[in-house]
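A quick write-up on the structure given underneath.
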Number of protein chains: 2
Amino acid sequence: MTTILIADDHRVVREGLRTLLAQEPGMEVVGEAADGHEVVAAARTLQPEVIIMDIAMPGLNGIEATRQIVGENPAIRVVALSMYADRRFVTQILRAGALGYVLKEAAFEELARAIQTVVSGKPYLSPAVAGFVVEEFVQQVSPAPAKSLALLTSREQEILKLLAEGMRAREIAQELSIGQKTVEAHRQNLMNKLDMHSIAELTRFAIREGLTTV
Amino acid sequence: MTTILIADDHRVVREGLRTLLAQEPGMEVVGEAADGHEVVAAARTLQPEVIIMDIAMPGLNGIEATRQIVGENPAIRVVALSMYADRRFVTQILRAGALGYVLKEAAFEELARAIQTVVSGKPYLSPAVAGFVVEEFVQQVSPAPAKSLALLTSREQEILKLLAEGMRAREIAQELSIGQKTVEAHRQNLMNKLDMHSIAELTRFAIREGLTTV
DNA sequence: GTTGACATAGGTGAAAATACCTAGAAAGAT
DNA sequence: ATCTTTCTAGGTATTTTCACCTATGTCAAC
């Protein structure tokens, strides 16, 4: 019996997956988690064989959660379940220790196959993302270093969130009761840390990391 | 027997919902759709009593799809199933003709209750979003008019996509082999159409509308 | 055939973003 | 105790955004 932990911030999605998995012979859902911190804790106590991991979760995202979980117990197999066939997500979560990457556009049958594959220790990638891995292998492309929220201080995250919501430096300064120059300094610092150079990039990053929603 | 059509661009989510609904007595899933155009067509041929409608779908989004479907057949009850408790989404899709609004964070049991409620012609809103409607009722706030991609020309959509991906006006001009001033004019025009005033807002809009991904 | 929408592009000006610099106060770590 | 980090904020300069204006050629609609 393969024990499975489901991590996704949408309860309806968790319940749907749990019901589908209940119909798979040999698979048993032993727990659910709604954010990154929960899944790290649940992995520690439940010691599941497989974790189905959503990437976009509030708080700690799926990539960081995977890094921590696999760091603690490399025997746990993580299957990333993502909305996006984005090369950065694929490379980042694989480097963080995930063995599988399945798109939400895929059929459930593919997810089941991925689970069966990773329990035997072999990787499984959705066809649409397998190409990225091959490309990087062939081209010896050094993947973009993983940028994550963990690089930012809490104040910087706060500034980033407000920037991504469309506020100007002056407005943020008023909101937080600090000087406009201070906000600009924070913005510059976090841009340097993330190696980003425009509000558009910051906005996308903030959404990816769950700091704000679209 | 309540006939149900599921519209969501993620196949795993559709299958999960279908399985969960199959266990509800008196409910029958008669079809699925993966984007807005599909659901409009499916609604016409299948004539379901209820449509579970994801808001963020490629092509035609859930709000526009709802507007068209309810415009054709007001007897069809639409339950919006959304990731976001965003007041604009709530007001827009309700004005487009949806009767229900359920968050993906909600339990499946709540979705089932919403379906039962709307088949009897009564609205159902997740508690987290009901407040918006009450507020607008109380304050007599005129809701922000629905902004959609349909307002923009194809050239404007192209510019918007590139802006949202972090490119500057000068870079876009080079990319499209037109003048920087032209790009700026397009940007200004689409900002006026959408009543938005910053790159951050445009970026979020572009992601919401599926022009680009995070 | 005139009207209107669109893509193109130029001018002007204020505001904001981007990118550097320095620097002090406070808090935490080795 | 010293060092580092963080938050704070000021200076300076360049580039970009944002918000108006006008204007021309094209093309489809009426």
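Remark on DNA chain C: of its neighbouring residues A:His197 and B:Glu156, the 5'-side contact belongs to B:Glu156, judged by nearest-heavy-atom nucleotide. Each of B:Arg187 and A:Ser154 lies near DNA chain D, and the nucleotide nearest A:Ser154 is the one positioned closer to the 5' end.
A straight line from CD of B:Glu158 to P of C:dA7 spans 10 Å, rounded to a whole angstrom. Atom CG of A:Asn192 is separated from atom C1' of C:dA17 by 14 Å (rounded to the nearest Å). Remark: C1' of D:dA19 and CG of B:Leu190 are 13 Å apart, rounded to the nearest angstrom. Atom-to-atom, CZ of B:Arg155 to P of D:dT26 comes out at 17 Å; the value is rounded to the nearest Å. Put simply, CG on A:Leu194 is 13 Å from P on C:dT18, counting in whole angstrom units. Distance, B:Asn189 CG to C:dA9 P: 14 Å, rounded to whole Å. When the C1' atom of C:dT18 is taken as reference, atom CG of A:Leu160 falls 16 Å away, rounded to whole Å. Distance CG (B:Leu152) to C1' (C:dA5): 14 Å, rounded to an integer number of Å.
A:Thr182 comes within 4.0 angstrom of a nucleotide base, judged by non-hydrogen atoms across all strands.
Checked options A:Ile69, A:Leu81, A:Asp8, A:Val79; the residue passing with A:Met53 is A:Ile69 (criterion: side-chain contact (heavy atoms from CB on, under 4.5 Å)).
With respect to A:Glu32 and A:Arg14, a salt bridge is recorded, a charged nitrogen being found less than 4.0 Å from a carboxylate O. The pair A:Glu171-A:Arg168 fails the salt-bridge criterion, with no side-chain N (NZ, NE, NH1 or NH2) lying under 4.0 Å from an Asp/Glu carboxylate O. Using a 4.0 Å cut-off between a side-chain N of Lys or Arg and a carboxylate O of Asp or Glu, B:Arg77 and B:Glu49 do not qualify as a salt bridge. Using a 4.0 Å cut-off between a side-chain N of Lys or Arg and a carboxylate O of Asp or Glu, A:Glu158 and A:Arg155 qualify as a salt bridge. Using a 4.0 Å cut-off between charged nitrogen and carboxylate oxygen, B:Glu156 and B:Lys193 count as a salt-bridge pair.
A 4.5 Å side-chain heavy-atom check between A:Val30 and A:Ile4 finds every atom pair outside the cut-off.
Regarding contacts with the backbone of D:dC7, a side-chain N or O of A:Thr153 is found under 4.0 angstrom from either OP1 or OP2.
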Between protein and nucleotides 21-23 of chain D, what N or O pairs are separated by less than 3.5 Å?
none

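Nearest nucleotide to the side chain of B:Gln188, out of C:dA19, D:dA19, C:dC6: D:dA19.
Distance check: A:Asp9 CG to A:Ile55 CD1 gives 12.0 Å after rounding to the nearest 0.5 Å.
Applying a 4.0 Å cut-off to non-hydrogen atoms, the residues of residues 161-178 of chain A that approach DNA chain C are A:Arg168, A:Ala169, A:Arg170, listed by residue number.
A donor-acceptor pair is defined here as one N or O able to donate and one able to accept, closer than 3.5 Å; no such pair exists between the side chain of B:Lys104 and the backbone of A:Val12.
If you check distances only, the side chain of A:Lys181 does reach the base of D:dT12 with a donor-acceptor pair under 3.5 Å.
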